[in-house]
Amino acid sequence: MIQFYNTLSGKLEPFNPITPVEIKLYTCGPTVYDYSHIGNCRAYIFEDLLKRFLIFKGYKVKHVMNITDVDDKTIKGANAEGIKLQEYTKKYIDTFFEDINVLNILKADFYPRATEHIQDMVKMIKGLLQKGYAYKKDGSVYFSIAKFPNYGQLSKINLEELKPGERIESDEYEKENVNDFALWKNKKEGEPFWETEIGAGRPGWHIECSVMSSKYLGQTFDIHCGGTDNIFPHHENEIAQSEAYSGKKFVNYWIHCHHLIVDGEKMSKSKGNFFTLRDLLNKNVNPSILRFLLLSTHYRKMLNFSFKALEQASASFQRIKDFLYELKNRSFEEGENEEIPLLIEEMNQNFTGGLNDDLNIAVALRAIFEMIRKVNILISQGKIYREDADKLVSSFNSLDEVLGVLHEEKEEMLPSEILKIIEEREKARKEKNYKLADQIRDELLRKGIVLEDTKDGVRWKRGKAKS
RNA sequence: GGCGCGGUACCCAAGUGGCUAAGGGAGAGGUCUGCAAAACCUUGAUUCGUCGGUUCGAGUCCGACCCGCGCCUCCA
């Protein structure tokens, strides 16, 4: 049985899909005004883990992720560069796809864009006007939260106690109630707009998710994900719009991941601790290791990113890689150990059991590390045979359908000059010229290449460049 | 102010009523090795922020307090 923490109820709940045939999943996608930062990456990776796990459990998943390509920030960005909105957002849409690809995130089935669903939005807004949930004012359309008594159910916010804040003054739109939110924003100087039945203007932010989720997944669907900051007001407003319009429950399970902080502080550009994925790749951070790090903290816990944490994750990750390398490359005798299938079964049980429990990743990873230790002991006792090694490798590959980190990148080739150097060293070793051999080894170490002399010959791997 | 999260070994971190408190990293010891490195094995908290309480029994429940952090109208 799978259970998830549902923000709506504030409790762990058994997961019961609307139809077991196919789970309908909606995840809040990027606003394409900048490169993905590592906080975005964490959210995407969490959603990917969730989705992969559901697939691993045998479900089909229909996944929709929106792309917000018109909003205050994209407009501002395009204007700042003096280019058309589409031209501006295209760049970040492209880089978004590059980023999720680098992180080995499974593709969604649909990536609907706000600008391509204006007519659908107009239709929903018209419906809300007709039903009396929305009103027009100075060319804009607002949702009247006073008409929706359940407002606040997701965020547990009591509107009477919500202090309006200073934002009212800076808001140039007139609303009946400060907490009402815009469904449609009147045309404004210097902003793109659409001529529609409800007037010339552009959509408010929340309406796109309500429209596009129901269009592709139906008016009631299973899971909606996002970061905790989206709970209020974005997701609260989505519920209000969608349920007012359809009269049906919008989403059964709201699953939110917590934020990421850097060195114990909120990540912000002004603090200089703001990292995009690109920044890290430029620092030669291995994306699999980054994925492993972002994956290994439970999604509802705040994740403290630091370069020290990255190093620890790297060492931990390397332990798994070394184990698999050993299984694949060591020469084992023919035969099999009947204990192995039992150990594999135990690992699978523990791994799946952990993830069943609200994606408890720590328990799942423990299952893997316990397996590694047990098998390493058997290897040192000579009790692992060729077939066992093969079975173990394929069992790890199977679990990696969920983790998405171990998959073998293409066998990396070293530059031929370095291969030549390694050969030279081998020759020196055969001639017992250990002084030269050690010299060469140190030289390669400085270049970040670690050599290991094993019984089955020399092995190299990437390490940290040491001076 | 409102809502919420967390404080478990040097670091990260699981565990939410009951055998000896997971796992990973670092450290230490050992195996292997020409020596190394790497890898592998072994090793770690009489104790779970503080103080009370409930209970036969609490890190785990209740209360108070201390500390750190996040969100609160467009930042995942």
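Computed from a prediction, not measured in an experiment: that's the story for all the values here. Chain identifiers are assigned alphabetically (A, B, ...) following the order of the sequence lines, protein sequences preceding nucleic acid strands; residue numbering begins at 1 within each chain. Reckoned from all heavy atoms, side chains included, excluding hydrogens, waters and symmetry mates.
Among the atoms of the strands shown, none is found under 4.0 Å from any heavy atom of A/H206. A/E370 comes within 4.0 angstrom of sugar-phosphate atoms only, judged by non-hydrogen atoms across all strands, and of no base. Backbone-only engagement by A/A315 is indicated by non-hydrogen atom pairs under 4.0 Å involving sugar-phosphate atoms exclusively. When heavy atoms are screened at a 4.0 angstrom cut-off, A/G226 is found touching the sugar-phosphate backbone but no base atom. Here A/D229 lies in heavy-atom contact (under 4.0 Å) with a base. Counting any heavy atom pair closer than 4.0 Å across all strands shown, A/L260 reaches a base atom. Looking at heavy-atom distances under 4.0 Å, A/L365 makes no contact with the nucleic acid at all. If you check every strand for non-hydrogen atoms under 4.0 Å, A/H234 touches nothing.
Rounded to whole angstrom, the span from the CZ atom of A/F317 across to the P atom of B/A13 amounts to 20 Å. Between A/L154 atom CG and B/G4 atom P the separation is 13 Å, expressed in whole Å. With rounding to whole Å, A/R366 atom CZ is found 16 Å from B/A13 atom P. Distance, A/K185 NZ to B/C74 C1': 7 Å, rounded to whole Å. Counting to the nearest Å, the P atom of B/C69 and the CG atom of A/D263 are 13 Å from each other. Taking atom CG on A/L444 and atom C1' on B/A38, their separation rounds to 14 Å, with Å as the unit. As a whole-Å value, the separation of A/I368 CD1 from B/G23 P is 15 Å. The distance from atom CD of A/E265 to atom P of B/C69 is 8 Å, rounded to the nearest whole Å.
OP1 or OP2 of B/C71 lies within a sub-4.0 Å distance of a side-chain N or O belonging to A/K266. At the phosphate of B/C41, OP1 or OP2 sits under 4.0 Å from a side-chain N or O atom of A/R319. Close to B/A14, at under 4.0 Å from its OP1 or OP2, lies a side-chain N or O of A/K301. Distances shorter than 4.0 Å separate none of the side-chain N or O atoms of A/R373 from OP1 or OP2 on B/C41. For A/N360 and B/G15, the shortest distance from a side-chain N or O to OP1 or OP2 is below 4.0 Å.
Remark: the A/D438 side chain and the B/G34 base include a donor-acceptor N/O pair separated by less than 3.5 Å. If you check distances only, the side chain of A/Q312 does reach the base of B/C11 with a donor-acceptor pair under 3.5 Å.
Of all non-hydrogen atoms in A/E208 and A/A114, the two that sit nearest each other are OE2-CB, 3.7 Å. Of all heavy-atom pairs between A/E191 and A/I75, the closest is CG-CG2, 4.1 Å. When all heavy atoms of A/E236 and A/N150 are compared, the pair lying nearest together is OE2-O, 4.4 Å.
No hydrogens or angles considered: a donor-acceptor pair under 3.5 Å links the side chains of A/S210 and A/Q241.
Once the 5.5 Å centre distance and the 30° plane angle are applied, the aromatic ring of A/F369 is found not to be stacked with the base of B/G23.
The residue from A/T228, A/T7, A/N6 that alone fulfils the side-chain hydrogen bond (donor to acceptor under 3.5 Å, both in side chains) condition with A/H256 is A/T7. The side-chain contact (heavy atoms from CB on, under 4.5 Å) test with A/P192 singles out one residue from A/N79, A/T74, A/T115, A/L85, and that residue is A/L85. When each of A/N356, A/D48, A/I361 is tested with A/F53 by the rule side-chain contact (heavy atoms from CB on, under 4.5 Å), just one qualifies, namely A/N356.
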Item checked: Chi angles and distances behind the ring-ring contact (aromatic ring centres under 6.0 Å, His included) call for A/F143, A/Y135 -> CA-CA 7 Å; A/F143 186 92; A/Y135 58 90; 9.3 Å; no
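Separation of the P atoms belonging to B/A26 and B/A37 is 14 Å when rounded to the nearest angstrom. B/C62 and B/G30 have their P atoms separated by 49 Å, given to the nearest Å. When the C1' atom is used for both B/A21 and B/U47, the distance is 8 Å, rounded to whole Å. Spacing of C1' atoms, B/U46 relative to B/U42, comes out at 22 Å, to the nearest Å. Here, B/C10 and B/U33 have their C1' atoms 31 Å apart, quoted to the whole Å. B/C56 and B/U8 are spaced 31 Å apart, taking the P atom of each and rounding to whole Å. Comparing B/U43 with B/C3, their C1' atoms are spaced 45 Å from each other, to the whole Å. B/C69 and B/G27 have their P atoms separated by 30 Å, given to the nearest Å.
In terms of position along RNA chain B, the nucleotide closest to A/D322 lies nearer the 5' end than the nucleotide closest to the other residue of the pair A/G227 and A/D322.
Nucleotide B/A13 has no partner under the Watson-Crick or G-U criteria, as no pair reaches both atom distances under 3.5 Å. Across all strands shown, B/A37 forms no Watson-Crick or G-U wobble pair with both key distances under 3.5 Å. Partner assigned to B/A28 is B/U42, using Watson-Crick or G-U wobble distances below 3.5 angstrom. Pairing for B/U47 is absent, judged as Watson-Crick or G-U wobble with the two contacts each under 3.5 Å. When both pairing distances are held under 3.5 Å, B/U20 makes no Watson-Crick or G-U pair with any nucleotide shown. Here B/U54 sits opposite no nucleotide as a Watson-Crick or G-U wobble pair (both hydrogen-bonding atom distances under 3.5 Å). A 3.5 Å limit on both hydrogen-bonding distances identifies B/C72 as the Watson-Crick or G-U partner of B/G1.
Candidate nucleotides B/C40, B/C69, B/G34 were compared by shortest atom distance to the side chain of A/I261, and B/C69 ranks first. The side chain of A/I377 sits closest to B/C41 out of B/A14, B/C41, B/G70. The side chain of A/N376 lies closest to B/C40, out of B/G70, B/G25, B/C40.
The main-chain N or O of A/H37 is found under 3.5 Å from a side-chain atom of A/N40 such that the two form a donor-acceptor pair.
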